[in-house]
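Have a look at the structure below, then the notes.
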Amino acid sequence: MASGASSAIMKIEPLSVDFNDEQKRYLEGLAAGLKVNLAGRAQTATAPLAEPSGPDAIHIKAQDKVLAAGRKLADQEKVKREQHPFDAYPRLKQQAHSNAAPSAADNFRWRYFGLFHVAPAQDSYMCRLRIPNGILKHWQLTGLADLADQLCGSYSHVTTRANLQLREIPPKHAVMLLEGLSDLGLTARGSGADNIRNVTGTPTAGIDPQELLDTRAYAREWHFHILNDRSLYGLPRKFNVAFDGAGRIAALEDTNDIAFSAVEVKDGFGVAPGVWFRLGLGGITGHKDFAKSTGIVVEPERATEVADAIVRLFIETGDRTNRLKARLKYVLDSMGHDKFMEAVEARLGRKLARVADEAIKPRPEADRMAHIGVHPQKQQGLNWIGVVLPLGKLTTDQMRALARIAADLGDGEIRLTVWQNLLLPGVRDENVALACAAIEQIGLSTKASHIRAGLIACTGNSGCKFAASNTKRHAAEIGDWCESRVEVDTPLNIHLTGCHHSCAQHYISDIGMIGAKVPVGDGDETVEGYHLFAGGGFGPQADIGREVYRDLKAEDAPRTVEKLLKAYLAHRLSPDETFLSFARRHDGETLRKLAEAQTSEVAA
């Protein structure tokens, strides 16, 4: 057949050889089959490929666009393309039945169900839940304690997204745990991998005397919007959304991809006066960026609609080739905020409201100690009690006891915060002393020094393969050492994170530390350690900390932090000057010299 003649029908020439009737029928059938085959090829060659359809279509089209441009998909994109994680659930059940650890590809897929196999740190799964606005009912916390005792390690961790993690889950218990969560009205769906993570909100929503807006309804609406739309799973990279109602406890919304901050708009600026959400985009402090204001304000009841449009535009435009450049920040860096929001408005079919900065009234300031201790609610005669947790850890016995205290002496709720602790709201004035005594009796506290109140640590290398150091152990050592040697009388945050993912957000802390392998000697030997930063902040003081120490051995960290705090107390301009202000008055080298001039106490 000549080149380019694929659409032609083969002609069967008559044969001169004599065949019987059966042989002739065979040849006729063969010729007919060839005609059908060639016609099919011609149609295939000229017909367009089928358009992707269904809830996964938006992701497949985005991947197809990458491939059509001759570029290579990231490995995780290939895994998603090969088999959608939700379609692989029968294999998860098979692995549970045989108590088998997942392959690397399935370890990624199972994160869509909130399961992370954390070998080699632990030969087991970690399960991260979804708890919108961080609010649990007492019976849910009791049920989680029971599940942990039956299927996991007998403890939980409160995370920096006002969430809970359960650990030490053998593969054989993974499915039973997911089903047990459903029985409690909870889920872990989409809490890992390239999905929209737990939605955070003001922990004192609805009870805070100074709040502009109760965030609970908006966080809840967004939570269920995600859960019930498969097309919102499998983004180019993870995605965070937060709602801050301007209450006394910060929700750190400016560290999220989408930041909804409640503001009060004055009259006379072209929009209805009252409370709106100011829209910020692109927060990712591990990459040294906060959410930037778009100048746009959104009616609270339309927050989900706007967030949905932003996420879908990110799905179409996010980088699916380079995981390090796949977050929303990099789309905004490439397109520009204005062009990106114009595309969002085109998707919505309407313009969004914009107001100048002077149109917005000053927001109430957050209190950096309001997550600890007893505080009056807007409801007269009621209080919330902030409970101090040792770096976010709760034993199952403590979980049950706190649930009972919440049910007997509070309003039955437990509220988690981004500061790795929890609140018991709805405690009547006459029950405050009894509730505090009950909390003390189970080995927890409602009081903390400024050092202890702001001490945050990620999981560290005891439970995470990415971490370079044992952050929780080292944070505890810093707290134990410094608390008895330095009396800090202003709010202070010390955050330890194990790797570049910056789960503990070290860049926004007064003192932030990121895990590192510190070289020792002339060979290749290393020890656990940190790079130390100072002067980071959030909210109105948002900024990235600057490096003060590089390759600090973990064993030297407690004394180094002690001397840095002593330098602050010795050189602050007044008793009212915070560590943050002090640190920002000096560069890293000066801070280091001031600290080295201090002495460390060998004994308390």
Side-chain angles (χ1 to χ4, degrees), residues 114 116 118 121-122 124-129 131 134 136 138 140-169 177 186 188 191 198 203 371-372 385-406 414-424 438-449 451-464 467 469-481 483 493-498 503-506 513 515 554:
F116 299 68
V118 295
Q122 294 173 337
S124 57
Y125 284 108
M126 176 270 285
C127 181
R128 180 185 297 147
L129 277 61
I131 304 172
L136 288 162
H138 66 91
Q140 290 176 315
L141 188 61
T142 298
L144 284 172
D146 292 342
L147 283 176
D149 278 343
Q150 295 164 16
L151 306 173
C152 320
S154 294
Y155 62 94
S156 65
H157 283 141
V158 178
T159 76
T160 53
R161 288 203 65 77
N163 202 357
L164 282 175
Q165 292 182 169
L166 303 176
R167 308 190 72 89
E168 299 182 37
I169 307 157
L177 177 61
L186 297 170
S191 62
N198 188 51
H371 64 298
I372 302 295
I385 300 178
V387 182
V388 183
L389 307 181
L391 296 166
K393 186 174 183 178
L394 278 170
T395 68
T396 50
D397 287 341
Q398 288 171 333
M399 292 165 69
R400 292 188 191 90
L402 286 169
R404 182 172 178 180
I405 296 168
I414 295 92
R415 299 188 176 207
L416 311 177
T417 84
V418 298
W419 306 106
Q420 290 188 326
N421 82 308
L422 60 84
L423 314 178
L424 299 182
I439 291 166
E440 297 281 346
Q441 194 171 52
I442 62 173
L444 299 174
S445 178
T446 61
K447 299 177 182 178
S449 67
I451 291 173
R452 192 75 66 178
L455 189 60
I456 305 291
C458 71
T459 297
N461 62 13
S462 64
C464 177
S469 297
N470 192 328
T471 52
K472 285 198 181 294
R473 177 165 65 83
H474 298 148
E477 291 170 354
I478 290 170
D480 292 343
W481 179 268
E483 196 171 39
N493 280 81
I494 303 174
H495 294 195
L496 280 72
T497 201
C503 293
Q505 300 181 325
H506 65 290
M513 301 166 66

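Heavy-atom basis, side chains included; hydrogens, waters and symmetry copies ignored.
Scored by the salt bridge (Lys or Arg N to Asp or Glu O under 4.0 Å) test, Glu477 finds Arg473 as partners (sequence neighbours excluded). For His138, there are no ring pair (Phe, Tyr, Trp, His ring centres under 6.0 Å) partners at least two apart in sequence or on another chain. Residues satisfying the salt bridge (Lys or Arg N to Asp or Glu O under 4.0 Å) criterion with Arg128, sequence neighbours excluded, are absent altogether. For the side-chain contact (heavy atoms from CB on, under 4.5 Å) test, residues two or more places apart in sequence or in another chain that qualify with Gln122 are Val118, Ser124, Tyr155, Arg167, Glu168. Scanning for ring pair (Phe, Tyr, Trp, His ring centres under 6.0 Å) contacts around Phe116 gives an empty result, with sequence neighbours left out. With sequence neighbours excluded, no residue forms a ring pair (Phe, Tyr, Trp, His ring centres under 6.0 Å) with His495. With sequence neighbours excluded, no residue satisfies side-chain hydrogen bond (donor to acceptor under 3.5 Å, both in side chains) with Ser156. By the side-chain hydrogen bond (donor to acceptor under 3.5 Å, both in side chains) test, Asn461 pairs with Glu528, sequence neighbours left out. Every residue meeting the side-chain hydrogen bond (donor to acceptor under 3.5 Å, both in side chains) condition with Thr395, not counting sequence neighbours, appears here in chain and number order: Gln398. Taking the side-chain hydrogen bond (donor to acceptor under 3.5 Å, both in side chains) definition, one finds that His474 meets it with Tyr530, sequence neighbours left out. Remark: Ala401 pairs with Ile442 by the side-chain contact (heavy atoms from CB on, under 4.5 Å) rule, at least two apart or across chains.
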Practice item. Step by step, work out the side chain to side chain contact (heavy atoms under 4.5 Å, CB included) result for Lys472 and Lys393. Key: CA-CA 10 Å; Lys472 285 198 181 294; Lys393 186 174 183 178; over 6 Å; no

**Study point:** Worked verdict on Leu164 versus Leu141 for side chain to side chain contact (heavy atoms under 4.5 Å, CB included)
**Key:** CA-CA 10 Å; Leu164 282 175; Leu141 188 61; 4.2 Å; yes

Point to revise | side chain to side chain contact (heavy atoms under 4.5 Å, CB included) between Asn198 and Thr159, worked out | key: CA-CA 10 Å; Asn198 188 51; Thr159 76; over 6 Å; no

**Study point:** Worked check of side chain to side chain contact (heavy atoms under 4.5 Å, CB included) between Thr459 and Gln165
**Key:** CA-CA 10 Å; Thr459 297; Gln165 292 182 169; 3.9 Å; yes

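Residues Leu166 and Leu151 fail the side-chain proximity criterion, which asks for heavy atoms closer than 4.5 Å. In this structure, the side chains of Ile478 and Leu496 come closer than 4.5 Å at one or more pairs of heavy atoms. At a threshold of 4.5 Å between non-hydrogen side-chain atoms, the residues Thr471 and Leu391 do not count as touching. Using a 4.5 Å heavy-atom threshold, the side chains of Leu444 and Val388 count as separate. With contacts defined as side-chain heavy-atom distances shorter than 4.5 Å, the pair Ile405/Ile385 does not qualify.
Summarising the geometry of Ala475 relative to Leu455, their closest heavy-atom pair is O-CD2, 3.3 Å, with the distance given to 0.1 Å. Annotation for Asn493 and Trp419: closest pair ND2-CZ3, 3.4 Å, computed over non-hydrogen atoms. Residues Cys458 and Ala504 come closest through the heavy atom pair N-CB, 3.8 Å. When all heavy atoms are compared, the tightest approach of Gly479 to Ile451 is CA-CG2, 4.4 Å. The nearest pair of heavy atoms linking Thr497 to His506 is CG2-ND1, 3.2 Å. Heavy-atom minimum distance, Cys127 versus Ala188: SG-CB, 3.7 Å.
We find the CG-CZ distance between Leu422 and Arg415 to be 12.0 Å, quoted to the nearest 0.5 Å. Atom CD1 of Ile131 is separated from atom CG of Leu136 by 4.0 Å, given to the nearest 0.5 angstrom. Atom CD of residue Glu440 and atom OG1 of residue Thr446 lie 5.5 Å apart, to the nearest 0.5 angstrom. The distance from atom OG1 of Thr142 to atom CD1 of Ile414, rounded to the nearest 0.5 Å, is 7.0 Å. Taken from CD1 in Ile169 to CG in Leu177, the straight-line distance is 5.0 Å, to the nearest 0.5 Å. The line from CD1 of Ile372 to OG of Ser449 is 10.0 Å long, rounded to the nearest 0.5 Å.
At distances below 3.5 Å, not a single donor-acceptor pair connects side-chain atoms of Asn421 with backbone N or O atoms of Leu389.
For residues 148-161, the pairs satisfying salt bridge (charged side-chain N to carboxylate O under 4.0 Å, His left out) are Asp149-Arg400, with sequence neighbours left out.
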